[in-house]
Number of protein chains: 2
Amino acid sequence: MISVLIADDHTILRQGLVSLLSNDPDILVLAEAADGLSAVQKALELKPMVIVIDISMPELNGMEAVKRLHEQLPEAKVLVLTMHEEQEYVIHMVRAGASGYLLKDSASDELIDAVKALAQGKTYFSQYAASVLATMSLKPAEMWDDPYRNLTSREREVFHLIIEGKTTKDIARSLDISVKTAENHRGKVLDKLQVANAAELVRYAAKYNLLI
Amino acid sequence: MISVLIADDHTILRQGLVSLLSNDPDILVLAEAADGLSAVQKALELKPMVIVIDISMPELNGMEAVKRLHEQLPEAKVLVLTMHEEQEYVIHMVRAGASGYLLKDSASDELIDAVKALAQGKTYFSQYAASVLATMSLKPAEMWDDPYRNLTSREREVFHLIIEGKTTKDIARSLDISVKTAENHRGKVLDKLQVANAAELVRYAAKYNLLI
DNA sequence: CTTGCTCTAGGGGTTTTCCCTCATTTTTAA
DNA sequence: TTAAAAATGAGGGAAAACCCCTAGAGCAAG
């Protein structure tokens, strides 16, 4: 019997998953969680064999939750179930400790296969995720992180202010630094993320789900 | 017996919905569709009483699909099931002909209630959607559309070029107009959408799912 | 046929962005 | 502890963005 915890903030989807997984005689759904924090808590309490988790959740996002689960409950296997196709998501989640990655538009049979694979200590990656990981493994390690990760903390502050539509003067004021310094940070951000202007930067942010 | 068609591009969610609805003895799921176009085709063919549809779908987005369904199969009731909380989505979908609007994080009981309500010719709106519509009905009709709708066709062209990160010079070249004209259009777009700069414009585009 | 809207184009201005360079101090890591 | 990286600040300049304004041509509706 495979015990499973399901974490997803969309109730209907979550209940649909419970319904799907419960149809299989080998699978027992222990509990559900609607946010990352309660997912970690319930996992530590109930010690499920497999945790099915979505990336985007309130309280504690999926990535942080996976990290904590992997640290505090390494014997539990984490299956990421998401609609995010971005390469970076796959990589980040795997590095955070996920044993499987499945897109929400895959078939429900695949979900059950994945849960069973993880319960047996195997990994399970969708066609897409597997190919991303295969491609990535050919690149040098320093290329793995998306450029946003290469920003310094100050640069990230500036980054977020730019994508809020703030001007350099606004940024200088809100960070209490000189306009010239803010300008320098701005330049470095654009340079590091390889975009030409603020508009492209916001596109970048949208692409990586960095817009609050 | 209530016949239902389910349209959602995420296979797992879709199958979860089928599983949930099939548990109810009064509901019969006739078919599923993974994109807007096939949803319309299958609806015209099978003539379901209720169509459960997601907004964001490939081929033909939910809004267009709802519009066509309402025109070509007015006797079928459309229930929009989505994770989009944006006010504008609710309004647009209702104006397109939806009889119900449900968020994906509502409970599955609510989904079944909604399907039954629509089958009886009633409407069903989630707490949130209902309040949005209540608030909107107090505003004058010309305020209903989001500002993007007020752009002229030329302004929309410019809009899309701006959110691609193009400079005014680029825009002038690509539309074969003078830089000054492009500048004027740019100004009008920013003014009509009430944003201060290109960065905010891209945010706006992201908010309304206008980023390609 | 006038009124209004759109598209076009320009004048002239201020502000902001973007791109270099250089330099000091602080923090971090080897 | 020394070297590297980060944060700070500034000068100067070219380009772009932003904000006024006017104005003609075309087109559709009243």
Side-chain angles (χ1 to χ4, degrees), chain A residues 140-207 210-211, chain B residues 140-207 210-211:
Chain A
E142 61 268 22
M143 286 295 293
W144 284 21
D145 281 312
D146 73 86
Y148 174 73
R149 299 270 149 190
N150 291 332
L151 298 183
T152 68
S153 63
R154 200 54 153 173
E155 284 161 359
R156 277 184 216 180
E157 288 185 271
V158 174
F159 170 89
H160 286 290
L161 292 169
I162 298 172
I163 65 176
E164 279 171 27
K166 299 276 173 66
T167 68
T168 308
K169 208 191 287 178
D170 292 336
I171 294 170
R173 197 164 19 209
S174 103
L175 294 182
D176 199 32
I177 54 181
S178 87
V179 175
K180 269 299 179 184
T181 305
E183 212 175 301
N184 282 334
H185 289 314
R186 185 187 195 104
K188 285 219 165 191
V189 169
L190 294 187
D191 185 48
K192 283 191 181 179
L193 302 189
Q194 306 217 54
V195 293
N197 50 45
E200 283 188 24
L201 192 73
V202 181
R203 281 184 82 84
Y204 177 95
K207 182 178 171 189
L210 264 20
L211 291 180
Chain B
E142 61 269 21
M143 287 294 295
W144 284 20
D145 280 312
D146 72 86
Y148 174 73
R149 300 266 151 193
N150 290 333
L151 298 184
T152 66
S153 63
R154 198 55 151 175
E155 284 162 359
R156 277 184 214 179
E157 287 184 273
V158 174
F159 170 90
H160 286 289
L161 293 169
I162 298 171
I163 65 176
E164 279 171 28
K166 298 278 173 67
T167 67
T168 307
K169 208 191 286 179
D170 292 335
I171 295 170
R173 198 165 17 208
S174 103
L175 295 182
D176 199 32
I177 55 179
S178 89
V179 175
K180 268 298 182 183
T181 305
E183 211 176 299
N184 283 334
H185 289 314
R186 185 186 195 105
K188 285 220 165 189
V189 169
L190 295 187
D191 184 48
K192 284 192 181 179
L193 302 189
Q194 305 218 55
V195 294
N197 50 43
E200 283 188 24
L201 193 73
V202 181
R203 281 184 82 82
Y204 177 95
K207 184 177 171 190
L210 263 19
L211 291 180

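Quick note on labels: first sequence line is chain A, next is B, and so on, each numbered from 1. In this text the structure is predicted, and so the values were computed from the model without any measurement.
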Undergrad: Measure from CZ on B:Arg186 to P on C:dT17 and round the result to the nearest Å.
TA: 12 Å
Undergrad: Take the protein atom CG of A:Leu190 and the nucleotide atom P of C:dC20, then report the distance between them rounded to whole Å.
TA: 12 Å
Undergrad: Taking for each residue the nucleotide of DNA chain D with the nearest heavy atom, is it B:Asn197 or A:Ile177 whose nucleotide lies nearer the 5' end?
TA: A:Ile177
Undergrad: Would you tell me if any nitrogen or oxygen in the side chain of B:Thr152 comes within less than 4.0 Å of OP1 or OP2 on C:dC5?
TA: no
Undergrad: Would one find a side-chain N or O of B:Thr181 under 4.0 angstrom from OP1 or OP2 of C:dT8?
TA: no
Undergrad: Ignoring hydrogens and angles, tell me if any N or O in the side chain of A:Asp170 forms a donor-acceptor pair with the backbone of A:Thr167 under 3.5 Å.
TA: yes
Undergrad: Testing the basics here: between B:Arg154 and B:Leu175, what is the closest heavy-atom pair and its distance to 0.1 Å?
TA: NH2-O, 3.5 Å
Undergrad: Roughly how many Å is it from CD in A:Glu183 to C1' in D:dA7, rounded to a whole number?
TA: 15 Å
Undergrad: Could you give the CZ-to-P distance, from A:Arg156 to D:dA7, as a whole number of Å?
TA: 10 Å
Undergrad: Kindly give the heavy-atom pair with the smallest separation between B:Ile162 and B:Ala198, and that separation in Å.
TA: CG2-CB, 4.0 Å
Undergrad: Which whole-number value in Å describes the distance from A:Lys188 NZ to C:dC19 C1'?
TA: 14 Å
Undergrad: Is there a donor and acceptor pair closer than 3.5 Å between the side chain of A:Asn184 and the base of D:dA7?
TA: no
Undergrad: Would you say A:His185 places a side-chain N or O within less than 4.0 Å of OP1 or OP2 belonging to D:dA7?
TA: no
Undergrad: Using heavy-atom distances to pick each residue's nearest nucleotide on DNA chain C, tell me which of B:Asp176 and A:Ala196 is more 5'.
TA: B:Asp176
Undergrad: What is the distance from CG of B:Asp191 to P of D:dA17, rounded to the nearest Å?
TA: 18 Å
Undergrad: Testing the basics here: between A:Leu161 and A:Ser174, what is the closest heavy-atom pair and its distance to 0.1 Å?
TA: CD1-OG, 3.4 Å
Undergrad: So which atom in A:Ala196 and which in A:Leu190 form the shortest heavy-atom distance, rounded to 0.1 Å?
TA: O-CD1, 4.2 Å
Undergrad: Write down the distance between NZ (B:Lys180) and P (D:dC21), rounded to a whole number of angstrom.
TA: 13 Å
Undergrad: What verdict does the side-chain contact (heavy atoms from CB on, under 4.5 Å) test give for A:Glu164 and B:Arg203, after you've listed the backbone C-alpha separation in whole Å, the side-chain angles of each residue and the deciding distance to 0.1 Å?
TA: CA-CA 8 Å; A:Glu164 279 171 27; B:Arg203 281 184 82 82; 4.2 Å; yes
Undergrad: I would like to know whether B:Asp191 and B:Lys188 meet side-chain contact (heavy atoms from CB on, under 4.5 Å); could you show each step before the answer?
TA: CA-CA 5 Å; B:Asp191 184 48; B:Lys188 285 220 165 189; 5.5 Å; no
Undergrad: With a 4.0 Å heavy-atom cut-off, tell me which residues in residues 166-173 of chain A come close to DNA chain D, sorted by residue number.
TA: none
